[in-house]
Amino acid sequence: MKIAVTGKGGVGKTTFAATLARLYADEGKKVLAADVDPDANLGLALGFDDETLDSIIPITKMRKLVEERTGANEENQFYRINPKVDDIPDTYSKEVNGVKLLVLGTVETGGGGCVCPEHVMLRRIINNLVLHRDDVVIMDMEAGLEHLGRGTTESMDQFIVVIEPGARSVQTYKNVKRLAKDLGVKQVRVVANKVRNEEDEAFVKGHIPQEDLLGFIHYNTEVMDADRQGKSPYDFSNTVKEEITNIKHIIDQGL
């Protein structure tokens, strides 16, 4: 199972991705969580301590590794488009609570696409995670849609768009669904987060097709308390854990 979790910034996709990863790990499954967000917070949400997180360098920032694998450097602008990457997930990941974390980072570019050694590495690693590993792979994507334009996630089983009850989040879902179709990803599902009341639920149900809606995560101050203390929301809120467990059951049935 390979899932990309996406959405606007601040909607709670990292909380959802981390909790989902830990639920699968609790079942004894091999789980690899990949952080593809430049503002990498997935490790904290999984339960890593600050010292471990401070020691992690995103793969796309490992210039020596990128040069070694692609052959590109200041003197040589030509590089391999199929570098060896199959050893990277196990070599450079860290594990906590049964989940392996691989911090990939992202490729900073001003344009809609990037043809550069870092991008080649990122794309190859993601393809390896999706096509050649039997782990449950959950990717916490960067906010926005640029990763879809770069085509780094075209082999995923499904995208899960985390939204808030609002028009801008609904628009993000529609854009993701349109771009995912171009990439050949057939399943784009929605999780509505920070839902306050029945009016919020009605708004979401009125704008998201029933077959795409996985469920609701209600507004919960315990998640904020966990964040303030640098703890995993999984360990802090049984309510969030139960709501995401219900969503997980629907994901499992759909796959």
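Quick note: numbers below take in every heavy atom, side chains included, and nothing from hydrogens, waters or symmetry partners.
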Given side chains that start at C-beta, do those of [X] and [Y] come closer than 4.5 Å, heavy atoms only?
| X | Y | result |
| --- | --- | --- |
| M121 | I88 | yes |
| D157 | K186 | no |
| P209 | Y173 | yes |
| K205 | L213 | yes |
| I56 | L101 | yes |
| R168 | T172 | no |
| I125 | L102 | yes |
| V191 | I163 | no |

With the threshold set at 4.0 Å, does a side-chain nitrogen-carboxylate oxygen contact exist between [X] and [Y]?
| X | Y | value |
| --- | --- | --- |
| K248 | D252 | yes |
| K241 | D235 | no |
| D87 | R69 | yes |

Evaluation steps, side chain to side chain contact (heavy atoms under 4.5 Å, CB included), between V136 and L32: CA-CA 6 Å; V136 172; L32 191 143; over 6 Å; no

Value rounded to 0.5 Å, distance of [atom1] in [X] from [atom2] in [Y]:
| X | Y | atom1 | atom2 | answer |
| --- | --- | --- | --- | --- |
| F236 | Q229 | CZ | CD | 3.5 Å |
| T6 | I3 | OG1 | CD1 | 13.5 Å |
| L42 | M139 | CG | CE | 11.5 Å |
| I160 | Q187 | CD1 | CD | 9.0 Å |
| F159 | M141 | CZ | CE | 7.0 Å |
| R22 | T19 | CZ | OG1 | 8.0 Å |

Residue K177 excluded, over 12 heavy atoms near NZ under 6.0 Å: yes

E51, CD atom: more than 12 neighbouring heavy atoms under 6.0 Å: no

Residues which pass side-chain contact (heavy atoms from CB on, under 4.5 Å) with V223, listed by chain and number, not counting sequence neighbours: T15, N220, V240

Nearest heavy atoms of [X] and [Y], plus distance in Å:
| X | Y | result |
| --- | --- | --- |
| G47 | N97 | CA-ND2, 4.1 Å |
| V162 | V11 | O-CG2, 3.3 Å |
| V5 | A17 | CG2-CB, 4.1 Å |
| L129 | A34 | CD1-CB, 4.2 Å |
| L53 | G43 | CD2-CA, 3.7 Å |
| A25 | G98 | CB-O, 3.6 Å |

Side chain to side chain contact (heavy atoms under 4.5 Å, CB included) assessment of I251 paired with L20: CA-CA 10 Å; I251 294 171; L20 187 64; 4.2 Å; yes

Give a yes or no on whether [X] and [Y] share a hydrophobic cluster (residues Ile, Leu, Val, Met, Phe, Trp, Tyr; joining criterion: side-chain heavy atoms under 4.5 Å apart).
| X | Y | value |
| --- | --- | --- |
| V96 | L23 | yes |
| M224 | V195 | no |
| I250 | I217 | yes |

Can [X] and [Y] be counted as having a side-chain donor-acceptor contact under 3.5 angstrom?
| X | Y | result |
| --- | --- | --- |
| D49 | T52 | yes |
| N197 | Y219 | no |
| H207 | Q171 | no |

Cationic tip of K94 above F48 ring, under 6.0 Å, 45° of axis: no

Positive for side chain to side chain donor-acceptor pair (under 3.5 Å) with T14, one of D140, N41, D227: D140

Exam field: side chain K30 to backbone K100, donor-acceptor pair closer than 3.5 Å: no

Heavy-atom donor-acceptor pair, Q158 side chain to A4 backbone, under 3.5 Å: no

Salt bridge (Lys or Arg N to Asp or Glu O under 4.0 Å) against D86, all qualifying residues, sequence neighbours excluded: K84

Identified salt bridge (charged side-chain N to carboxylate O under 4.0 Å, His left out) counterpart of E164 within the set K194, R196, K13: K194

Side chain to side chain contact (heavy atoms under 4.5 Å, CB included) assessment of L65 paired with I59: CA-CA 8 Å; L65 177 67; I59 300 296; 4.3 Å; yes

Test side chain to side chain contact (heavy atoms under 4.5 Å, CB included) applied to V204 and E201, step by step: CA-CA 5 Å; V204 172; E201 291 187 14; 5.9 Å; no

